[in-house]
Every structure is written in C-alpha cells, then in structure tokens.
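For reference, the structure discussed in these notes is given below.
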Amino acid sequence: MALDAGLDPIWDQEVRRSCARAGLQCGLRLASHRGALTPVNLLWLRLGASENLLGTTTEHLGGRRVGGRLLVHDPVVRTQVAHAVSEQLVVEAELGGLDGAPDEATLARLHRSVTDVDRLLLRLLGGHSFLAEGPGADAMLSESLRDRVAAAGHLPEVAP
Amino acid sequence: MTSCCGDLEAHLGALRQRCREWAADLGDVSRVLQAHPEDASPLLDHEGPRWAATAGIPEEYGAESLRVGRHRFDATTSVERAVVMEEFARVDPSLVIAAPGPSMSGVLVAALADEDQRARFYGRLLETPSWTFFALTEPGHGSDAGGLETTATLLADGEVGLSGEKCYIGNGSRATIGVVFARSAPGPLGIGAYLVEVPTAGLTARPRATLGLRPVQISELVLRDVRIPMENMLGRHLPRSRRGLHASMGVFNRLRPGVAALAVGIAAGALDILEREQPRPGKDAGHSRAAWRAQVEAVRRLTLRAALEADRTGDGTLASVAKARACRLAEELTLDVADALGPGARLAVPELDRSLRDARGVEFMEGTRTIQLLNVFHGLHTGRLAANRAPWTTGRGALSTR
C-alpha cells in the first residue's frame with residue numbers, strides 16, 4: 001500500500017482501526033499522539049470513523065422492528081447498507097492506491113464520498129442520529145474535520 | 001385559501017413576495033434563536049411570525065386573514081403553507097417551525113374536530129400566541145405509527161387516561177396545547193387523537209439537544225395517567241373509520257408538501273449563501289450554479305404541484321415524491337455549496353453550517369426518504385401516480401415562482 005512519503009507506515013492503519021473499533025474520538029486522540037497529519041491521513045481517519053458508523057448502524061438495524069420484522073431483514077435496508085459498504089471499499093481502494101499527494105479536487109471528491117456514505121448510514125439510523133448525544137455527533141464532527149484543520153491547522157482537541 | 005380571484009399564479013406570487021420580505025428581516029432573529037434555542041419568544045416581535053401564530057385558523061373563528069393587495073390568505077391550504085414555509089426556511093427553517101401557531105395540530109383539528117373542539121383549540125391560539133405540539137412518534141417505532149403503544153383508557157368517571165412516551169416532538173417543551181395519538185383498542189381503528197392542554201398533571205416534556213433545528217426544541221413527552229375529558233377525543237362525532245389512524249393519513253398527506261417546501265427553502269438558501277460569499281464564480285462554477293438553480297426551481301414546482309394535488313384530492317403520492325426529492329436536494333446542495341466554498345467554509349460562514357445540519361433534520365420529519373419512496377411505488381402500483389401525472393405536462397401557469 002503506497003503511503004504519503006516520509007510517514008510512519010502504520011499511521012493510517014493504526015488510527016483507522018482505532019476509529020473503526022472505538023469511534024472518532026478515540027481515533028482523534030491517537031492521531032494527535034502520532035502526529036504527521038496529512039490530507040491523506042485525515043481521510044483514513046474519516047474512513048475509520050465511517051466504518052465505526054457502519055457497525056453502529058447494522059447493530060441498530062438488527063435490533064429494531066417495523067411491522068413485526070427486523071429492519072435488517074428488509075431488502076431495501078439491506079441494499080442501502082450494501083451500497084454504503086461498497087462506497088467505503090471504493091474509497092479504501094483509492095486511498096490505498098494513491099501514489100504521492102493527491103490534488104485538491106481528488107481530496108474534495110474523496111471527502112465527499114465519505115460524507116455521502118455517512119449521510120446514508122445516518123438516514124438508516126433514523127431520528128436517533130439527529131440527537132447531539134447519538135452517533136450523528138461523531139459523523140458531524142468527521143464531516144467538519146477538513147474545515148477545522150483548514151481553519152486551525154491541526155485536529156480539534158478532544159476530551160481525554 | 002380565502003380568495004383566489006381566478007388567478008392562482010398572482011395569488012401565490014403575492015404571498016411569496018410578502019413572506020420573502022418578512023423573512024429578509026429575520027436574519028438577526030435567526031442568530032438569536034441559534035444562540036438561545038430554548039427561547040423562541042423573540043419571534044413574536046416580528047410581523048411574519050406573529051401572523052403565523054394564527055395562520056391556518058379560518059376567518060369564521062375570528063382569525064384575521066393576511067391581506068396583500070386584492071389577495072387574502074389564511075394558510076388553511078397546503079399550497080399556501082408550502083409557499084410560507086419555503087420562504088421562511090430560505091433564511092432559517094426554525095423561524096417557521098419554532099413559531100407559535102396551530103401548525104400540524106391545526107391541520108388535524110381542521111380535519112377531525114367537531115365545532116366545540118375547534119372553537120376551544122382556535123380560541124386558545126387567538127387569545128394569546130401559543131405553541132402547539134403533535135405527539136405521534138414513539139421510541140422504538142419511528143415511522144411505524146401502526147406500532148403505537150401509548151394507551152387511552154376510559155376511566156370509571158368518564159374521563160380518559162393517557163399513558164405512554166413520545167419522542168421527537170417539535171416545540172414539545174414550550175407548547176401549551178397539542179394533540180396526542182393513543183390507542184384504545186388493537187388495530188389501526190383503535191388509534192385516536194386527543195387534545196391535551198398543558199400544564200396538566202402527569203405530563204412532562206424534556207427538550208433533547210439536537211445537531212440541527214435547535215430552536216425547535218425537539219422534545220420527549222412522558223404521559224403518566226394524564227386525565228382528559230372524553231370531549232377531547234378528536235372526531236368523537238365521526239364513525240371510528242373516519243377518526244383513527246387511517247383518517248389521520250389524509251392529514252399527513254396535506255402536511256407533507258410543507259416539509260418538502262422547508263427542504264426547498266434550505267436548498268435555495270444555500271444558493272443564496274454561495275452567491276453572497278462568492279459573487280463572481282469562474283466559468284465552470286457558473287455552469288454549476290445555473291444547474292443548481294434549475295434543480296431548485298424544478299423541485300419547487302414539483303412541491304407546489306404536490307400541494308395543489310393534496311388540496312384537491314387529499315392524495316399524498318405526489319407529496320411523497322416531492323418530500324423525498326426535496327430532502328435529497330437540500331442535503332446534496334448544502335454539501336455542494338460547502339464544497340464550492342472550500343475547506344474552512346463551515347466555520348467561516350455559520351449560516352452554512354446551520355443549513356448543513358438543518359438539511360439533515362427535515363429528512364426525519366413526516367417519514368424518511370425510504371418511507372416516501374415506498375409510498376411512491378405504492379402510488380405507481382395502484383395507479384394513483386399515473387392519475388396525478390397529467391398536470392405535470394402543463395406549462396408554467398399557476399406554478400410560476402419568479
């Protein structure tokens with residue numbers, strides 16, 4: 001897997017796994033320790049958070065019934081989850097195949113892809129994802145990370 | 001609609017123009033509401049929201065219609081409400097959703113209530129600007145109203161006891177009157193709607209912090225043996241088949257274009273932000289903007305067509321098309337505008353950040369996109385959509401929005 005030149009080669013995988021396991025806050029803490037924040041690392045971070053959101057969503061759908069049927073058994077819901085996974089894998093493939101630093105247009109497109117996947121998952125989570133203490137909060141933070149880094153030059157500080 | 005003068009285009013145009021003027025003066029109020037979402041009273045200092053406080057109440061109950069030139073408006077129709085909601089939402093959807101007034105409950109009261117119930121409900125709102133709530137959704141059920149668990153029990157003294165929990169109720173913590181849906185028997189015919197005045201023993205409301213639409217104070221309601229008189233059951237004069245959940249569906253059909261209009265307003269407002277922040281786009285960006293404007297105009301026309309259809313027939317298939325498409329447009333266009341303005345724009349332009357968040361919120365009002373699209377398929381399958389398609393081929397006519 002090609003990574004940005006001069007970076008710790010495990011930065012992206014480690015931070016991303018942390019995000020996918022424990023959520024964006026955990027990933028941000030680890031990322032701030034690892035340093036070497038590049039535009040591509042930021043995308044890995046967001047992809048990890050998106051994978052965490054996918055897990056939250058499938059867990060939610062597996063426990064919620066509509067009309068007596070579990071939502072996760074609904075074909076419409078299944079195709080939407082599958083679409084989300086597919087898009088995540090496309091982003092992963094593109095990030096993994098990058099050779100050198102991508103241009104601004106590519107970065108913007110990849111960020112938008114992650115945002116679109118997150119928005120799809122949030123819709124599947126329903127109104128719960130619109131509450132400030134729900135899974136939508138991490139997704140909104142992830143969505144705004146690029147803006148925050150552009151404004152401050154570093155990742156936002158998170159509570160210990 | 002109180003008057004039409006045979007010219008719907010001019011009628012709606014006059015309403016749109018007046019609402020646009022009102023909303024243009026509410027930018028500061030929007031910022032105040034965002035900073036202090038728990039207090040919506042600043043809305044009452046302004047003419048537009050004050051009119052909204054009684055809009056939807058028919059003149060015969062004492063409400064004063066809005067007069068613009070030769071036109072009169074009372075916002076009792078879906079199409080008038082759609083115009084009002086879009087124009088306020090273009091500045092900030094909370095300016096209209098968090099405003100006092102009959103709102104969703106008013107449409108239900110108009111459809112189901114008897115004369116005494118209407119007089120009491122409208123009288124309360126005419127006496128003093130009052131917020132209302134519409135308590136249908138419950139934890140764990142979301143859009144599945146058929147799974148409703150809140151109970152309505154006939155008590156020995158002839159009163160009704162309401163017990164259960166409701167969630168995602170707009171203005172729930174500030175409302176003084178509203179409607180609670182509850183079940184008195186199994187099945188859809190066992191679900192009824194009850195007028196509840198607040199404060200009342202056993203009812204508590206707690207606002208929840210949300211990621212957008214903060215001034216709406218989306219709340220949880222807990223009802224523990226709330227006692228109301230039997231006279232508060234809406235549609236008590238009607239047979240069960242015309243007052244239960246099925247009857248309420250017709251009301252949702254008439255409300256849905258208003259939610260679509262909120263989404264159109266958010267999308268149009270995002271374009272306003274883009275043009276304000278980046279008044280001279282490059283050639284390629286200019287093409288994108290023209291395409292975005294065309295999309296907003298198309299979905300606006302679709303929404304107005306859906307509202308007219310809901311008013312004319314009570315059918316909500318086109319309203320589902322409009323709601324699903326408008327919410328998608330609002331989400332996509334706010335993101336497109338953020339992308340066009342580049343990294344950092346969300347922090348530099350607070351209205352953009354608010355729009356991005358609010359666009360997510362309207363998705364969950366009156367059924368999510370998936371529910372709406374399933375309605376659309378059902379409409380196609382049963383032939384209702386085909387029956388509604390003919391008017392789409394007409395020219396600009398009554399739906400001109402310029």
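Every value quoted in this text rests on a predicted model; they were computed, and no experiment measured them. Hydrogens, waters and symmetry mates are skipped; everything else that's a heavy atom, side chains included, is used. Each chain gets a letter, A, B and so on, in the order its sequence line appears, and its residues count up from 1.
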Validation row: Arg369(B), Lys323(B) side chains within 4.5 angstrom (heavy atoms):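 Arg369(B) vs Lys323(B): side chains apart.
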
Sub-4.5 Å side-chain heavy-atom contact between Leu28(A) and Leu141(A):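 Side-chain contact under 4.5 Å: yes.
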
Region of Glu143(A) in contact with chain B, defined by heavy-atom distances below 4.5 Å: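 Answer is both: backbone and side chain atoms of Glu143(A) are under 4.5 Å from chain B.
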
Segment of Arg65(A) engaging chain B (4.5 angstrom heavy-atom cut-off):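 Arg65(A) touches chain B through backbone heavy atoms alone.
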
Residues 122-135 of chain A: residues contacting chain B (heavy atom under 4.5 Å, by number):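 Residues of residues 122-135 of chain A touching chain B at under 4.5 Å: Leu122(A), Arg123(A), Gly126(A), Gly127(A), His128(A), Ser129(A), Phe130(A), Leu131(A), Ala132(A), Glu133(A).
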
Salt bridge or not for [X] and [Y], using N-O below 4.0 Å?
| X | Y | value |
| --- | --- | --- |
| Arg174(B) | Glu38(B) | no |
| Arg346(B) | Glu351(B) | no |
| Glu331(B) | Arg119(A) | yes |

Max heavy-atom pair count under 4.5 Å with chain A, selected residue of Leu335(B), Asp339(B), Leu213(B):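 The candidate making the most pairs under 4.5 Å is Leu335(B).
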
Portion of [X] that has a non-hydrogen atom of chain A nearer than 4.5 angstrom:
| X | result |
| --- | --- |
| Arg357(B) | both |
| Asp336(B) | both |
| Leu373(B) | neither |

Judged by atom type as modelled, is there a donor-acceptor pair below 3.5 Å linking the side chain of [X] to the main-chain atoms of [Y]?
| X | Y | result |
| --- | --- | --- |
| Thr368(B) | Phe364(B) | no |
| Lys166(B) | Gly172(B) | no |
| Thr106(A) | Pro102(A) | no |

Separation of Arg354(B) CZ from Thr334(B) OG1 (nearest 0.5 Å):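 Here the interatomic distance stands at 11.0 Å.
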
Interface residue of largest heavy-atom contact number with chain B, from Arg146(A), Met140(A), Glu104(A), Arg112(A), under 4.5 Å: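 Between Arg146(A), Met140(A), Glu104(A), Arg112(A), the count favours Arg112(A).
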
